[in-house]
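Notes for the one structure printed next.
What you see below is based on every heavy atom in this structure, not just the backbone, and it leaves out hydrogens, waters and symmetry mates. Because the structure is predicted, anything quoted here is derived from the model rather than measured.
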Amino acid sequence: MAEPVPQGWNESLSADLRQRKEAGLYRTRRVAETPPGRLIVIDGRECLAFCSNDYLGLAGEPAVVAAFREGAERYGVGSGASHLISGHTAAHHALEEELADFLGRDRVLLFSTGYMANLGVITALCGRADTVLEDRLNHASLLDAARLSGARLQRYIHGDPADPERRLARTGGGRVLLASDGLFSMDGDLASLPQLATVAKQHGAWLMVDDAHGVGVMGAGGRGTLEYFNLNQQQVPVLMGTLGKAFGVFGAFVAGSELLVESLIQRARSYIYTTALPPAVAEAARVSLCLIREQPWRREHLHNLVRRFRSGAAQLDLPLMASQTPVQPLLVGEPKQAIRMSEALWERNILISAIRPPTVPAGSARLRITLSAAHTGSDVERLLTALEEVM
Ligand SMILES: *Cc1c(COP(=O)(O)O)cnc(C)c1O
């Protein structure tokens with residue numbers, strides 16, 4: 001038999017794309033022309049949208065847009081350098097101080113994205129001698145960060161604090177970082193943070209919470225899942241949050257002790273070797289933070305919409321997942337079925353994307369519905385009617 005011919009780039013990439021198409025896993029993009037509000041124009045169609053992470057409707061908020069414009073007039077567009085050279089402006093500094101005050105933590109450090117914040121924290125804190133324990137459903141950036149750090153990575157059963165506890169009891173030597181999403185991005189459920197904090201403390205491990213979807217949304221004051229569970233900086237030494245979701249802006253932060261933040265400034269490569277966020281972005285985020293603090297009605301309205309959606313969906317027997325948060329996935333199963341439903345909703349001018357593996361485990365493709373304070377009660381009714389028709 002002849003040796004198999006080694007495949008070149010073109011052959012192997014084409015084969016990969018073909019396989020993805022056949023399996024219903026091919027990803028495409030639609031082109032939007034408006035801010036991410038309740039109504040958006042996308043691929044030329046006006047749709048009622050239920051898939052952005054702009055949970056409080058702040059991305060298009062006039063006061064936030066005005067702060068961005070004024071920030072650009074004062075500071076220019078680009079920051080011109082990394083934070084450690086000359087890119088760290090008064091706007092960044094003020095945002096860090098205001099976030100620390102809001103969150104009740106010693107200090108905050110801004111990062112350019114949440115992905116980079118997670119890479120920076122875990123690679124700065126952990127090395128080959130250490131162990132990172134992560135929930136199996138953690139965000140990809142937390143998993144990638146642990147891999148990049150060279151630490152031993154163990155993934156524990158989702159939502160079962162007894163599993164990391166058993167694993168902690170078995171790890172011999174080295175420091176342990178226990179890292180979890182606060183609010184799981186594709187399932188909408190909350191981590192059992194009080195139990196994880198207790199387990200971490202018993203074993204001298206640090207608990208890190210990625211609260212990308214919780215900050216602004218959870219807790220009476222919008223401080224996130226740690227406020228919701230009443231956990232402090234001693235119990236959860238590392239808190240990460242993003243500015244691109246409920247804040248409606250862009251960027252991310254890590255909040256914790258003086259020692260943590262100073263260590264990150266010295267060691268986090270995704271902080272050191274990258275251009276600082278545009279200062280105008282920081283100015284916009286400062287105004288978002290004011291609105292998060294001063295307008296609790298946004299959260300109250302949002303949580304009312306969640307309750308209304310869940311009771312309507314229960315009456316229709318829709319396959320809801322067990323979430324009490326603005327992330328309300330409908331479990332479908334097979335990728336092609338999820339795409340069919342997403343397309344049928346599109347025909348009804350409703351935008352909800354089909355979430356498929358590898359973003360979620362095989363066999364658990366879903367429609368990830370997200371609610372926003374920008375929605376109205378009648379938007380939720382329209383959504384329920386459409387879902388009933390396409391199920
Ligand atoms: C969105 C998200 C991130 C990444 O944040 P970006 O600022 O978009 O890079 C990290 N973790 C979780 C849980 C997220 O949902």
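Contact of the L387 side chain with the L316 side chain is not registered, since no non-hydrogen atoms from C-beta on lie closer than 4.5 Å. Between T275 and S82, every side-chain heavy-atom pair lies at or beyond the 4.5 Å cut-off. With contacts defined as side-chain heavy-atom distances shorter than 4.5 Å, the pair D101/R293 qualifies. Side-chain contact between D144 and Y115 is present, with at least one heavy-atom pair separated by less than 4.5 Å. Residues P361 and L137 are in side-chain contact: their nearest non-hydrogen atoms beyond the backbone lie under 4.5 Å apart. Counting only heavy atoms from C-beta outward, the side chains of L103 and Q233 never approach each other to under 4.5 Å. Contact of the E283 side chain with the R286 side chain is registered, since non-hydrogen atoms from C-beta on lie closer than 4.5 Å. In this structure, the side chains of I292 and R223 stay at 4.5 Å or more apart for every pair of heavy atoms.
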For the pair S364 and R366, evaluate side chain to side chain donor-acceptor pair (under 3.5 Å) and give the outcome as yes or no after the intermediate values. CA-CA 6 Å; S364 73; R366 65 199 67 180; 3.0 Å; yes
Determine, step by step, whether D135 and S180 satisfy the side chain to side chain donor-acceptor pair (under 3.5 Å) criterion, reporting the C-alpha distance in whole Å, the side-chain angles of both residues, the deciding distance to 0.1 Å, and the verdict. CA-CA 6 Å; D135 188 291; S180 179; 4.9 Å; no
side-chain contact (heavy atoms from CB on, under 4.5 Å) for E262 and R107? Distances and angles first, verdict last. CA-CA 9 Å; E262 280 303 318; R107 276 185 73 183; 2.7 Å; yes
Inset, instruction - Go through M208 and M240 one step at a time and tell me if the side-chain contact (heavy atoms from CB on, under 4.5 Å) criterion holds. - result: CA-CA 8 Å; M208 168 177 182; M240 174 276 197; 4.3 Å; yes
- Apply side-chain contact (heavy atoms from CB on, under 4.5 Å) to the pair L264 and V254, showing each step before the final yes or no. CA-CA 9 Å; L264 295 178; V254 175; 3.8 Å; yes
Note to self: If you apply the rule side chain to side chain donor-acceptor pair (under 3.5 Å), what do you find for H158 with D187, and how did you get there?
What the structure shows: CA-CA 11 Å; H158 176 63; D187 290 55; 4.8 Å; no
Checklist entry - Checking side-chain contact (heavy atoms from CB on, under 4.5 Å) for the pair R308/E381: CA distance, chi angles, key distance, verdict? => result CA-CA 9 Å; R308 187 161 174 173; E381 297 307 325; 2.9 Å; yes
Start with the C-alpha gap between T359 and R368, add the side-chain angles, then the distance that decides, and say whether side chain to side chain donor-acceptor pair (under 3.5 Å) holds. CA-CA 11 Å; T359 307; R368 177 177 180 267; over 6 Å; no
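Aromatic ring pairs are classed by plane angle as parallel below 30°, tilted from 30° to 60° and perpendicular above 60°; the pair Y55 and H213 is perpendicular.
Residues L260 and M116 fall into different hydrophobic clusters, defined by Ile, Leu, Val, Met, Phe, Trp and Tyr side chains chained together at heavy-atom separations under 4.5 Å. Under a hydrophobic clustering in which Ile, Leu, Val, Met, Phe, Trp and Tyr are joined whenever their side-chain heavy atoms come within less than 4.5 Å, directly or via other members, V236 and L133 fall into the same cluster. One hydrophobic cluster, built from ILVMFWY side chains closer than 4.5 Å, holds both V390 and L330. In the hydrophobic clustering of this structure, F184 does not group with M218; members are Ile, Leu, Val, Met, Phe, Trp, Tyr whose side-chain heavy atoms approach within less than 4.5 Å, directly or through other members. Placement of L99 and V64 within a single hydrophobic cluster is found when ILVMFWY residues are connected by side-chain heavy-atom separations under 4.5 Å, directly or transitively.
Between R298 and the choices H301, E294, E300, Q295, the side-chain hydrogen bond (donor to acceptor under 3.5 Å, both in side chains) rule is met once, by Q295.
Pairing each heavy atom of L207 with each of L193, the nearest pair is CD2-O, 4.3 Å. F68 and A284 make their closest contact through CB-CB, 4.0 Å (heavy atoms, listed as atom of the first residue, atom of the second, distance). Contact detail for S86 and A81: the closest heavy-atom pair is OG-CB, 3.5 Å.
Distance alone, capped at 3.5 Å, is enough to place a donor-acceptor pair between the H139 side chain and the S141 backbone. Within the 3.5 Å criterion, the main-chain N or O of L289 finds no donor-acceptor partner in the side chain of E98. Checked by atom type and distance alone, the side chain of E22 never pairs as donor or acceptor with a backbone atom of Q19 at under 3.5 Å. A donor-acceptor contact shorter than 3.5 Å links the side chain of T34 to the backbone of V41. Formation of a donor-acceptor pair under 3.5 Å by the S14 side chain with backbone atoms of N10 is found in this model. Without hydrogens or angle criteria, D130 side chain to V176 main chain gives no donor-acceptor distance under 3.5 Å.
Here D210 contributes atom CG and L183 contributes atom CG; the two are 10.0 Å apart, rounded to the nearest 0.5 Å. From S342, atom OG reaches atom CZ of R340 across 10.5 Å, with rounding to the nearest 0.5 Å. Going from atom OG of S52 over to atom NZ of K245 covers 11.0 Å, rounded to the nearest 0.5 Å. Interatomic distance, OG1 of T242 versus CZ of F247, reported as 8.5 Å (0.5 Å rounding). Here the OH atom belonging to Y156 is positioned 9.5 Å from the CG atom belonging to L168, to the nearest 0.5 angstrom. The distance from atom CG of D54 to atom CZ of R38, rounded to the nearest 0.5 Å, is 13.5 Å.
Using modelled atom types and a 3.5 Å distance limit, the side chains of T89 and H92 yield a donor-acceptor pair.
Enclosure of atom CZ in R267 is not indicated, since only 12 or fewer non-hydrogen atoms of other residues, nucleotides or ligands lie within 6.0 angstrom. Around atom OH of Y228, no more than 12 heavy atoms belonging to other residues, nucleotides or ligands sit under 6.0 Å away. Crowding of D16 atom CG: a count of heavy atoms from other residues, nucleotides or ligands under 6.0 Å exceeding 12.
Between D163 and R136, no side-chain nitrogen of the basic residue sits less than 4.0 Å from a carboxylate oxygen of the acidic one, so the salt-bridge criterion is not met. Ion pair E343/R30 flagged as a salt bridge, since at least one NZ, NE, NH1 or NH2 atom sits closer than 4.0 Å to an Asp/Glu carboxylate oxygen.
Taking the centre and axis of the six-membered ring of W206, the NZ or CZ atom of R175 falls outside the cone set by 45° and 6.0 Å.
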